[in-house]
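In what follows, chains are A, B, ... by sequence order, proteins preceding strands, each numbered from 1.
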There are 2 protein chains.
Amino acid sequence: MTVTEDVTPLHETSDCRAVSAVLGRVGDKWSVLIISRLGDGTCRFNELKRMIGGISQRMLTLTLRGLERDGLVTRTVFPTVPPRVEYELTALGQSLREPVDALAAWALEHQPEIAAANRLYDQRSQSS
Amino acid sequence: MTVTEDVTPLHETSDCRAVSAVLGRVGDKWSVLIISRLGDGTCRFNELKRMIGGISQRMLTLTLRGLERDGLVTRTVFPTVPPRVEYELTALGQSLREPVDALAAWALEHQPEIAAANRLYDQRSQSS
DNA sequence: CTGTATCCCTTGGGATACTG
DNA sequence: CAGTATCCCAAGGGATACAG
């Protein structure tokens with residue numbers, strides 16, 4: 001019988017949306033780089049910009065604001081002239097590094113397999 | 001003295017690009033959901049579409065192709081009529097679940113802190 | 001059933017210029 | 001120094017129609 005079943009998409013539960021938000025952060029091109037860099041210690045705005053390299057001022061600002069909003073990074077303004085702003089990982093931000101590093105380790109470990117799969121797939125696509 | 005220093009952006013090393021690619025996969029809205037669903041067993045195209053819900057045909061196809069290209073999923077076509085195609089996680093795909101689950105666990109565990117940080121941040125932005 | 005092809009709107013994000 | 005504001009282009013992704 002075809003009664004009305006539960007069709008609530010799995011990804012729309014409260015828990016799943018929370019997980020998605022974090023996955024989005026991690027998937028973001030710049031967030032992880034910033035967190036990684038900040039893991040080595042406090043950093044100023046332009047310092048971050050230089051060390052990461054390739055990030056625009058706009059994206060650095062936006063990404064830092066996002067990280068700050070999620071409580072992963074603190075922003076400290078020193079009322080000097082010229083202004084000095086320091087960014088630092090919070091305990092929460094530090095704790096995120098562990099699972100992220102695990103993922104990075106997985107990526108490095110299996111990179112050869114992935115590259116091989118890519119070549120195989122592309123080669124097969126070629127001859128189609 | 002200001003000699004020409006090493007300004008190679010950290011994210012442009014070979015290793016880092018490999019890690020980024022994986023982080024991109026994980027950050028992708030649909031990839032993780034598909035992998036998660038496939039973790040419970042083989043699945044057909046429309047089966048996946050229904051269970052995930054909210055994904056367009058186009059994105060399901062594109063995402064599955066990407067997962068297949070990276071060797072995370074296998075695609076098996078049964079030459080019947082109507083056609084029957086089954087998707088299944090590879091061993092590599094299975095192995096990815098571990099670090100991803102760790103990240104999901106982190107997200108769930110710290111969700112309250114993140115939500116609180118969000119509220120605090122938004123509240124402060126309000127009064128500015 | 002399992003896709004592919006198009007159209008088209010939304011979002012992401014770089015470049016540049018300006019401000020406290 | 002540390003941003004904000006604007007412009008603008010490219011990629012992401014849904015809706016729809018068509019095909020094997």
* Asked: Is there side-chain contact between A:Arg25 and A:Leu67, with at least one heavy-atom pair below 4.5 Å?
  -> yes

* Can you find a pair of side-chain heavy atoms, one from A:Ile35 and one from A:Arg97, that are under 4.5 Å apart? ->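 A side-chain contact under 4.5 Å exists here.
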
What's the [atom1]-[atom2] distance between [X] and [N], to the nearest Å?
X	N	atom1	atom2	value
B:Glu86	C:dT2	CD	P	9 Å
B:Arg58	D:dC18	CZ	P	18 Å
A:Leu33	C:dG13	CG	P	13 Å
A:Arg25	C:dG12	CZ	P	12 Å
A:Leu64	D:dT4	CG	P	11 Å
B:Leu62	C:dG3	CG	P	12 Å
B:Leu60	C:dG3	CG	P	8 Å
B:Met59	D:dG12	CE	C1'	7 Å

Between [N] and [X], is there an OP1 or OP2 to side-chain N/O distance shorter than 4.0 Å?
X	N	answer
B:Arg75	C:dT2	no
B:Arg65	C:dT4	yes
B:Tyr87	C:dG3	yes
A:Arg44	D:dA2	yes

* Between A:Phe45 and B:Trp30, name the one whose nearest nucleotide on DNA chain D is closer to the 5' end. =>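 Mapping each residue to its closest nucleotide by heavy atoms, the 5'-most match is A:Phe45.
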
* To do: Have a look at B:Asn46 and say if it touches a base, only the backbone sugar-phosphate, or nothing, with a 4.0 Å heavy-atom cut-off.
  => base

* Asked: To the nearest 0.5 Å, how far apart are CZ in B:Arg69 and OH in A:Tyr121?
  ->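 Interatomic distance, B:Arg69 CZ to A:Tyr121 OH, rounded to 0.5 Å: 8.0 Å.
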
* Asked: Mapping B:Thr61 and A:Ser56 onto DNA chain C by nearest heavy atom, which one lands closer to the 5' end?
  -> B:Thr61

* Asked: So which heavy atom on B:Cys16 is nearest to which on A:Leu33, and how close?
  -> SG-CD2, 4.1 Å

* To do: Kindly check if the number of other-residue, nucleotide or ligand heavy atoms within 6.0 Å of CD (A:Glu47) is above 12?
  => yes

